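Structure, as structure tokens:
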Amino acid sequence: MSTLQIELPDGSVKDVASGSTAYDLAKGIGEGLARQSVAARLDGELIDINRPLPGSGKLELITQNAPEALEIVRHSCAHLMAQAVKSLYGRDVQVTIGPAIENGFYYDFYSDSKKFSPEDFEQIEKTMAELAKADQPITREEISREEAIALFREMGEDYKVELIEDLGEETVSLYRQGDFVDLCRGPHLPRTGLIKSFKLTSVAGAYWRGDEKNAMLQRLYATAFQNNKDLKSYLNRLEEARKRDHRKLGRELDLFSFNEEAGAGLVIWHPKGALLRTLIEDFERREHLKRGYDIVMGPQILKTELWQTSGHYDNYRENMYFTEVDEQSYGIKPMNCLAHMLIFKSKIRSYRDLPQRYFELGTVHRHEKSGVLHGLLRVRGFTQDDAHILCRPDQIDAEVKGVMAFVQDVAKIFGFEYCMELSTRPEKSIGSDEDWERATSALMSALKDSGQDFEVNEGDGAFYGPKIDVKLKDALDREWQCATIQCDFTLPERFDLNYVGADGEKHRPVMLHRVILGSIERFIGVLIEHYAGSFPLWLSPVQVVVLNVTDNQADYAQDVYQQLKTAGIRADIDLRNEKLGFKIREAQLGKVPYMLVIGDREMEESRVTPRFRNGKNLEPTSVADFISFVEEEVRHYR
RNA sequence: GCUCACAUAGCUCAGAUGGUAGAGCACAUCCUUGGUAAGGAUGAGGUCACCGGUUCAAAUCCGGUUGUGAGCUCCA
């Protein structure tokens, strides 16, 4: 029998007999290690702990608590769930696929008789627990493609048969536990007994292979962890996230609402929400003017012919709203670029005038599919902090970098973590290969120079050009695209934009579309969850509320309130005939940063006692000092 | 758009098997003048999302529409 040379992480090399498993090797080092190991990594590739080592190489044992083990636990748990479902429903349900995902795993089932509902979860979980407790060995085997097809066809698993047929491999691997067998690449845990902490979380529809033309499957979502403590802390985190859901906080803080009669996906901003939005918009105008942008404004509707010129009519029509008056069709704008093009075109431009940076808080309407609407994060009418930069090709680099610096400054002010992605040419697109190539490499080089890590999404660009996306995370760890920088060689062409170069000839400018916050609506949605509704002082719709202890201080409280209002501070006053504790509770629930408590003591000394929303009282202070304090905080975006 | 689920007072929710509705909070009035997260009493509020059907009778059963939620697909 031949031997394999296995190098361990400490650098030592062991000779093992061919046919040995990583488990055997671990056992040779120590019983405890063997028991703790759930898988191994041979030359970077994960393999089962009890699979004969396929060759010589560097071996690393993955122990139960290693981060890589979690994915294996979840994948094996997906099989366990499928086994439980099959044992409960037999041939009424067909298995398809079940991978591990970011916070757990899912398994898609097909059935025309069984409809899963959360009421089924308990029984499935119970069966899973029994199967786990039985500590069934999980074994791997390799069989030929024909044998596998015959096997799954015999079992009535049509989806598995289709998978194998499309796989194009001569042999496939199967995993068995008890009477359950699944087509799988692995790796898996050696025994079901290693699965200890799991919970089904939801059921939803999903298309077979993600294609809406295919059959609708039922997806059971679940999660699994290495121990109950981790599972519990994950479930708590979900609970916390639900508490800061912007849809819930939006109602509780009276920021905005939606109305069935007005229409889905159309935000109705209440006074406090509209004020918050105004604060953000004012911030945006200041920041843009500071950075050399010009504020412009375009109309809400433009003739349909113009949308044909731009290509939107051909590529984006199904998302647009149209209206007709006096036999003239108009498109309600889904993007702001058209008017900006017309501004550029309104006179002859010299190369010396470039770049032109047109900024607009542009309200757009897009007919999003009904099923995708989601609070403020996905709506049909929204306002973008949109700008179009028209520049010479040699200016692209500097402009893209300028935008990225802008994004970074703003993300810092709001305290967001973000990640960047580069999206390349999609199938449905306009423009020449050369233009796409040029635009893509311009964005790529700006990204590389910025030193930011980024991912590349092939084929995910806009139809008119490649883009850099910046994504922020919401409370449920979902990523939302906010900032985006899109390079566009096409629209200037279509609109025949040009400028006079140093050589006296006409040249084509390049256009950059970019947003910093993206949609103000979406940004505010993410912002609400980010701050859990407790906005920093500079953004709080109500910054200060004046609270009197008894009617006796009403006049003085009014006077304080007036001083605050005069100083431009967003103040409220609560003179109601209620106890101080009650007023504080209300201000607290309203997440007002500062409460100014005024009783007889304060009145006599012409002072106020500020209370911060974390419950801490500040020293009694004069109104003038408090005002300067607030102004200083606001100046620093705190 | 697709799958599944849901829609009862401003909000959060009760209302087996069909017999025209209830709680807490919020709101109003009165009492209470109380120093850091809920003082007390009384009262007002709903054509049970909308349209149609079954039935002697529908919040309850059926169909459709609208809206919402979880996903899928698609996007700021």
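Numbered from 1 within each chain, the chains take letters A, B, ... in sequence-line order. This structure is a prediction, so every number in the text was calculated from the model and none was measured.
Taking atom CD on A/Glu212 and atom C1' on B/U3, their separation rounds to 12 Å, with Å as the unit. The distance from atom NZ of A/Lys213 to atom P of B/U3 is 16 Å, rounded to the nearest whole Å. Straight-line distance from the CZ atom of A/Arg378 to the C1' atom of B/U68: 17 Å, rounded to whole Å. The distance from atom CZ of A/Arg209 to atom P of B/C2 is 24 Å, rounded to the nearest whole Å. The nearest whole Å value for the distance from the CG atom in A/Leu517 to the P atom in B/A76 is 15 Å. Protein atom NZ of A/Lys369 is 10 Å distant from nucleotide atom P of B/C2, rounded to whole Å. Distance A/Leu575 CG to B/G34 P: 17 Å, rounded to the nearest Å. If you take CG of A/Asp108 and P of B/U3, they are 16 Å apart, rounded to a whole angstrom.
Using a 4.0 Å heavy-atom distance criterion, A/Gln481 is classed as a sugar-phosphate-only contact. A/Gly210 comes within 4.0 angstrom of sugar-phosphate atoms only, judged by non-hydrogen atoms across all strands, and of no base. Contact annotation for A/Asn617: base contact, defined as any heavy-atom pair under 4.0 Å involving a base atom. As judged by a 4.0 angstrom heavy-atom cut-off over every strand, A/Asp469 is placed among residues making no nucleic acid contact. Using a 4.0 Å heavy-atom criterion, one finds that A/Val515 contacts no nucleic acid atom at all. Across all strands, A/Gly581 comes closer than 4.0 Å only to sugar-phosphate atoms, never to a base (heavy-atom distances). Using a 4.0 Å heavy-atom distance criterion, A/Ser370 is classed as a base contact. A/Val379 comes within 4.0 angstrom of a nucleotide base, judged by non-hydrogen atoms across all strands.
Residues A/Thr484 and A/Asp469 have side chains that bring a donor and an acceptor to within less than 3.5 angstrom of each other.
Note on A/Glu586 versus A/Lys583: no salt bridge recorded, every NZ/NE/NH1/NH2 to OD/OE distance being 4.0 Å or above. Taking a cutoff of 4.0 Å between a charged side-chain nitrogen and a carboxylate oxygen, A/Asp108 and A/Arg219 qualify as a salt bridge. A salt bridge is defined here as a Lys NZ or Arg NE, NH1 or NH2 lying under 4.0 Å from an Asp or Glu carboxylate O, and A/Arg425 with A/Glu458 fails to meet this definition. We find that A/Glu287 and A/Arg291 are joined by a salt bridge, their nearest charged nitrogen and carboxylate oxygen being less than 4.0 Å apart. Using a cutoff of 4.0 Å between basic side-chain nitrogens and carboxylate oxygens, A/Asp409 and A/Lys412 are not scored as salt-bridged.
In this structure, B/G45 is classed as syn because its glycosidic torsion stays within 90° of zero.
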Detail all sub-3.5 Å separations between protein N/O atoms and N/O atoms belonging to nucleotides 4-13 of chain B.
unit_1, atom_1, unit_2, atom_2, d
B/C11, O3', A/Arg251, NE, 3.4
B/U12, OP1, A/Arg251, NH2, 2.9

Can you pull every protein N or O that's under 3.5 Å from an N or O on nucleotides 23-31 of chain B?
none

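Taking the ring centroids of A/Phe322 and A/Tyr313, they lie under the 6.0 Å cut-off.
Of the candidates A/Phe416, A/Phe283, A/Phe382, A/Phe523 forms a ring-ring contact (aromatic ring centres under 6.0 Å, His included) with just one, namely A/Phe416.
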In sequence, state the C-alpha distance, the side-chain angles, and the governing distance for A/Thr424 and A/Thr440, and then conclude on side-chain hydrogen bond (donor to acceptor under 3.5 Å, both in side chains). CA-CA 7 Å; A/Thr424 61; A/Thr440 307; over 6 Å; no
Verify ring-ring contact (aromatic ring centres under 6.0 Å, His included) between A/Trp208 and A/Tyr110, making sure each step is shown before the conclusion. CA-CA 9 Å; A/Trp208 168 236; A/Tyr110 172 80; 9.6 Å; no
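With B/G69, B/G39, B/G1 as the candidates, the nucleotide lying closest to the side chain of A/Arg380 is B/G1. Side-chain atoms of A/Val597 lie closest to B/U36 of the nucleotides B/A76, B/C74, B/U36. With B/C74, B/C72, B/U3 as the candidates, the nucleotide lying closest to the side chain of A/Arg219 is B/C72.
Between A/Glu368 and A/Gly265, it is A/Gly265 whose nearest contact on RNA chain B lies nearer the 5' terminus. Taking the nucleotide of RNA chain B with the nearest heavy atom to each of A/Thr550 and A/Ser519, the more 5' of the two is matched to A/Thr550.
Within the 3.5 Å criterion, the main-chain N or O of A/Arg613 finds a donor-acceptor partner in the side chain of A/Gln588.
One can find a donor-acceptor pair under 3.5 Å joining the base of B/G1 and the side-chain atoms of A/Tyr207. One N or O donor and one acceptor, one from the side chain of A/Asp551 and one from the base of B/U33, sit under 3.5 Å apart. Judged by distance alone, with hydrogens and angles left aside, A/Gln553 brings no side-chain donor or acceptor close enough to the base of B/G35 to form a pair under 3.5 Å.
Remark: A/Arg247 is in phosphate contact with B/G69, judged by side-chain N or O atoms under 4.0 Å from OP1 or OP2. Regarding contacts with the backbone of B/C72, a side-chain N or O of A/Tyr221 is found under 4.0 angstrom from either OP1 or OP2.
Here A/Leu443 contributes atom CG and A/Cys487 contributes atom SG; the two are 5.0 Å apart, rounded to the nearest 0.5 Å. The CG atom of A/Leu163 sits 5.0 Å away from atom CZ of A/Arg209, with the distance rounded to the nearest 0.5 Å. In this structure, A/Tyr106 OH and A/Leu220 CG are separated by 12.0 Å, a value rounded to the nearest 0.5 Å.
In RNA chain B, consecutive stretches of 3 or more Watson-Crick or G-U wobble pairs with both distances under 3.5 Å are given as paired ranges: B:1-7 with B:66-72, B:10-13 with B:22-25, B:27-31 with B:39-43, B:49-53 with B:61-65.
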